[in-house]
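Here it is, the structure in full.
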There are 2 protein chains.
Amino acid sequence: MATSQSASPVRLAAETWEALFRAQVAVMRRLQSGPAFRKLAVNEYDVLFTLSRCPSGWLRLNELNDNVLLSQSSLSRLVERLEKRGLVARMPAPEDGRGVLLKLTDEGRELQKEIGREHVRDISALVAPALTPDEQKELRRLTDKLRNSL
Amino acid sequence: MATSQSASPVRLAAETWEALFRAQVAVMRRLQSGPAFRKLAVNEYDVLFTLSRCPSGWLRLNELNDNVLLSQSSLSRLVERLEKRGLVARMPAPEDGRGVLLKLTDEGRELQKEIGREHVRDISALVAPALTPDEQKELRRLTDKLRNSL
DNA sequence: CCAAATTAGATGCATTTGCATCTATCGACG
DNA sequence: CGTCGATAGATGCAAATGCATCTAATTTGG
């Protein structure tokens, strides 16, 4: 009987992914039910957050789409909603007549910061008691490595 | 200036969560666009999968809801759809007149296995090249620990 | 330089989702 | 026991999502 539980590489990969996925579900469920996301859905906040991290301030719609788990059409309409609420501004891309550039408005930046502060506290309250700092660093390293190798 | 990048525990936790979340988004995006999920959405498959892992075969609707990132009402309707397609069967809970028990039908079990085989191959193709077996085990350990401590 | 194929994003439409609420049952407590 | 708050699940309805498709701009290959 040389067939121990996770002997197969395929099985190990599947179990690894399932553990990652379930952890994400469990944490996200708690985060999104908190008071931080009263004013904005998580996906909407995520767009504002990504824009806030963008060095130039402007980001292409299709680049945004890589970060978010949404179809292209859903992102298009999500951005439309954000624009209607005055949180982001659009501009036709200068180098590509098909493209659209996005940036935060002042109001959008304010709201991102406001939600972000609370969001970060919520995250910390969940993650910090669960893992030591070294474990957190290792988890960050492994998930970054996984993402970068796709 | 003793404020290095991730000196703050709060910041470290936030960065850890973001890395985990982005990795999940990146992997999930690739998985769900693959041919494995032609016949069934990921959330629907996930319900079949969870039922297939249940020792007794029967599972309460509200227990299912802990595993899935869906509101109670959405899960209720998702299950309704699965039942209409003949993939799951319902039964009133014997010990609790409010509850509903679910199990896979034979057809549901077949479909879960069929999709599952392909799904596992897809996962392996993404995860195995990215992380060594030891790294995968460590990632599994850390995400399990995170989830269990919530 | 032009036609064909590709890419960015928008839009019509059906499906899915979530919020609020409703019904029914359970459990606690007087 | 009988009432009252809590819990399980279903449902009306508005909002969000995805698929297929459309338009327009770009890139590619002859």
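Convention: sequence-line order gives letters A, B, ...; per-chain numbering from 1.
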field: Residue-phosphate contact under 4.0 Å: B:S76 side-chain N/O, D:dA10 OP1/OP2
entry: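 Yes, B:S76 has a side-chain N/O under 4.0 Å of OP1/OP2 on D:dA10.
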
Phosphate-side-chain proximity, A:R90 and C:dA10, N/O vs OP1/OP2 below 4.0 Å: yes

query: Of B:E107, B:R81, B:R109, which is the lone residue that meets side-chain contact (heavy atoms from CB on, under 4.5 Å) with B:L87?
result: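 Result for side-chain contact (heavy atoms from CB on, under 4.5 Å) with B:L87: B:E107.
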
- request: Figure out the CZ/C1' separation between A:R81 and C:dA10, and round it to whole Å.
  value: 14 Å

- prompt: Which ones in residues 24-57 of chain A lie close to DNA chain C, meaning a heavy atom under 4.0 Å from one of its atoms?
  reply: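 Nucleic-acid contacts, sorted: none.
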
Value in whole Å for how far the P atom of C:dC19 lies from CG of B:L70: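 Those two atoms, CG and P, are 11 Å apart.
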
- prompt: So, are B:R141 and A:E135 salt-bridged, with charged N and O less than 4.0 Å apart?
  reply: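 A salt bridge is present here (some side-chain N lies under 4.0 Å from a carboxylate O).
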
query: Ion pair present between B:R29 and A:D66, side-chain N to carboxylate O less than 4.0 angstrom?
result: no

Ionic contact status for A:R22 with B:D46, cut-off 4.0 Å: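 Salt bridge flag = yes for A:R22 with B:D46.
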
task: To the nearest 10°, let me know how far the axis at one end of the helix from C:dC1-D:dG30 to C:dG30-D:dC1 is tilted from the axis at the other, five pairs an end.
output: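 Comparing the first five pairs with the last five, the axes sit 30° apart.
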
message: Taking the basic N atoms (NZ, or NE/NH1/NH2) and the acidic carboxylate oxygens, is any pair closer than 4.0 Å for B:R30 and B:D122?
response: no

message: Nearest whole Å is fine: how far is D:dA10 C1' from B:E80 CD?
response: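 Those two atoms, CD and C1', are 8 Å apart.
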
- request: Write down the atom of B:A23, the atom of A:T143, and the distance for their closest heavy-atom approach.
  value: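 Minimum heavy-atom contact is CB-O, 3.6 Å.
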
Rounded interatomic separation in angstrom, taking CG from B:L102 and C1' from D:dA10: 14 Å

field: Hydrophobic cluster identity match, B:L126 and B:I115, side-chain contacts under 4.5 Å
entry: yes

message: Just N and O in the side chain of A:R60: are any of them under 4.0 Å from OP1 or OP2 of C:dA8?
response: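 No, no such contact exists.
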
- request: Figure out the CG/P separation between A:N65 and C:dG9, and round it to whole Å.
  value: 9 Å

task: Classify the nucleic acid contact of A:L75 as base, sugar-phosphate or nothing, counting any heavy atom under 4.0 Å across all strands shown.
output: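 Nothing, no nucleic acid heavy atom in range.
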
- line: Nucleotide by nucleotide, nucleotides 20-28 of chain D touches protein heavy atoms under 4.0 Å in the pattern (B base, S sugar-phosphate only, - none) -----BS--

query: How close or far is atom P of C:dG9 from atom CE of A:M91, stated in whole angstroms?
result: 13 Å

task: Measure from the side-chain N and O atoms of A:S74 to the backbone N and O of A:L70, and report whether any donor-acceptor pair falls under 3.5 Å.
output: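 No; judged by distance alone, with no hydrogens or angles, the pair does not exist.
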
query: Between A:V100 and A:R77, which is nearer to the 5' end of DNA chain C once each is assigned its nearest nucleotide?
result: A:V100

- prompt: Hey, is the side chain of A:S74 poking within less than 4.0 Å of OP1 or OP2 on D:dT17, counting only N and O atoms?
  reply: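 For A:S74, the contact criterion (side-chain N or O under 4.0 Å from OP1 or OP2 of D:dT17) is not met.
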
message: Quick check: is A:L31 connected to A:L48 through a chain of hydrophobic side chains (ILVMFWY, heavy atoms under 4.5 Å apart)?
response: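 Per the 4.5 Å side-chain linkage, A:L48 and A:L31 are co-clustered.
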
Close aromatic pair by centroid cut-off 6.0 Å: A:F49 and A:H119: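 No: the rings miss the under 6.0 Å criterion.
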
SB check A:E114 A:K39 (cutoff 4.0 Å):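 The answer is yes: the pair qualifies as a salt bridge.
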
A:L78 side chain, from C-beta outward: closest of D:dT11, D:dT17, C:dG9: D:dT17

message: So, OP1 or OP2 of D:dG9: does either fall under 4.0 Å of a side-chain N or O from B:N62?
response: yes

statement: Atom CG of B:L69 and atom P of C:dT16 are separated, to the nearest Å, by 18 Å

- prompt: Do A:L150 and B:F21 belong to the same hydrophobic cluster, where Ile, Leu, Val, Met, Phe, Trp and Tyr are linked whenever their side-chain heavy atoms lie under 4.5 Å apart, directly or via other members?
  reply: yes

